[in-house]
Amino acid sequence: MLSGGSDGVIVLYDLENSSRQPCYTCKAVCSVGRNHPDVHKYSVETVQWYPHDTGMFTSSSFDKTLKVWDTNTLQTADVFNFEETVYSHHMSPVATKHCLVAVGTRGPKVQLCDLKSGSCSHILQGHRQEILSVSWSPRYEYILATASADSRVKLWDVRRASGCLITLDQHNGKKSQAVESANTAHNGKVNGLCFTSDGLHLLTVGTDDRMRLWNSSNGENTLVNYGKVCNDSRKGLKFTVSCGCSSEFVFVPYGSTIAVYTIYSGEQITMLKGHYKSVDCCVFQSNFQELYSGSRDCNILAWVPSLYEAVPEDDETTTKSQLNPAFEDAWSSSDEDG
Amino acid sequence: MSQKRHRLVPETFGLKRRRERGPVEADPLRGELGSARAAVAELVQLFPRGLFEDALPPIALRSQVYSLVPDRTVADRQLKELQEQGEIRIVQLGFDLDAHGIIFTEDYRTRVLKACDGRPYAGAVQKFLASVLPACGDLSFQQDQMTQTFGFRDPEITQLVNAGVLTVRDAGSWWLAVPGAGRFIKYFVKGRHAVLGMVRKAKYRELLLSELLGRRAPAAVRLGLAYHVHDLIGAQLVDCVSTTSGTLLRLPET
């Protein structure tokens, strides 16, 4: 797992639990520390593995750069410089025909950088304030969603020159070109974006303490109501959805806990308490079905689903089955190294 | 109860087992199961008509409907259906972008006609009520919609804004509004603050619901304690904890 910290350090962890203990600590495999010549000068906001293999990863930071790293040598392969601080970047997980990285900065223009040529290939104009989050659709390689502090979420087709496809409207009003300017997705800044794993729906989180679920093909608000989702982050909030569960969940940082909701019904399942300070980001690993969350208390916690032991039935003939000890406990912790 | 061996997916993430829902206690205000329509009908009964000399239609708030219909998504969808059928109008109340007022269409129409009786803008308002209201169920109206689809001219739109039926939202778009609602909003904001203050001043910042309703309302609360409590519960400004003595209202920690 790749993690970036507010001191500019990037650390790679090995998540495998080979100790067979319920509480384990993940070891750091390697890190780009403060003494590395190419380390970021300020806080690292977003890190992402290259979608196709782990030979490369990208990181963007408040020092106005996006760096592309070679994992094996831990050297920067390329650096993109911008005029404003970078809040978020994302590379499409399904792209085969392009290598574009979408970058959201403090300026109102979304920049698309091409990894093959090493330059910014084009700019998407339409937002009026800083772009707090960008996300490519996991279903179509040319569809991009961007969220901005001007309360708007726009869906773009990057091949199209004339502007965004849809601006999401929370009131589901009449659709017409002239009214796009008045449509708002939230009543405050829009902090976080996450597509569901099939790409058919989009979740957005805003500083008006609301989370909304949108149909990503026509931009309609599905009106699923999650209640109050406290959000006082002034930069992007990274939340995540589960992948491979029978009813998908969304995990949202909520103060110093993580709130878990069912996506399509809006019901709150639980709040995961374990951090001491506010949680900034969380990510779901679908192979292990585990959730990892990072917080201001300098800890990254791993949340493992607890599988209950089988309870014996009333008749005496069935025997109690033993569960694999690796699945026994529900809480594990890991500390950030160095 | 036979103990089943299969694991339910929600339980793998739940740290505690969910308690079974017991019989719903006869709690004042809580535990109403029903549709959004029944909830709105009940809430408009709580609205104090006499306070405004019957000049305002009875307004319920969306957050109040959430306190009566526990599943918010279902409540939202039912309200949307009622809006599409034309039974209710949803109006943006100015003080908070999230607070929507819900009014029965008939009430709205009669009150607005009565309010603009004999005034110079009566003609424009009647035209608006007759042509735009049945056709367009949205909260807001756009410039091109008003001029092209419904044939309103700019002076007529200005008259509508003067009448209080439209409020400016952006350049070329307007919210639907209730004429004379300013007084209601003033009392509402002050009353909400006063009721929250009652909970805040209590020991440990929590109050039993039955005790709160039994207290004398402070002078700032003109709309009634029950009206405000529904709104606070639905807007999640207080946490509802069910105890053996009834529902407890507690201020959230943050």
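Only heavy atoms go into these numbers, but all of them, side chains included; no hydrogens, no water, no symmetry mates. All values derive from a computational prediction rather than experimental measurement. Letters go in sequence order (proteins before strands), and every chain restarts at 1.
- The NE2 atom of B:His100 sits 5.0 Å away from atom NE2 of A:His171, with the distance rounded to the nearest 0.5 Å.
- Of all heavy-atom pairs between B:Arg77 and A:Val224, the closest is NH2-CG2, 3.4 Å.
- Other residues, nucleotides and ligands contribute over 12 non-hydrogen atoms within 6.0 Å of the NZ atom of B:Lys127.
- To the nearest 0.5 angstrom, B:Leu237 atom CG is 6.0 Å from A:Lys228 atom NZ.
- A 4.5 Å side-chain heavy-atom check between A:Leu223 and B:Arg72 finds every atom pair outside the cut-off.
- Atom CZ of B:Arg153 has 12 or fewer heavy atoms from other residues, nucleotides or ligands within 6.0 Å.
- Between chain A and the residues B:Gln143, B:Lys80, B:Arg169, B:Gln236, the most heavy-atom pairs under 4.5 angstrom are made by B:Gln236.
- No more than 12 heavy atoms of other residues, nucleotides or ligands sit less than 6.0 Å from atom OH of A:Tyr276.
- The contact between A:Ser265 and chain B is made entirely by backbone atoms, counting heavy-atom distances below 4.5 Å.
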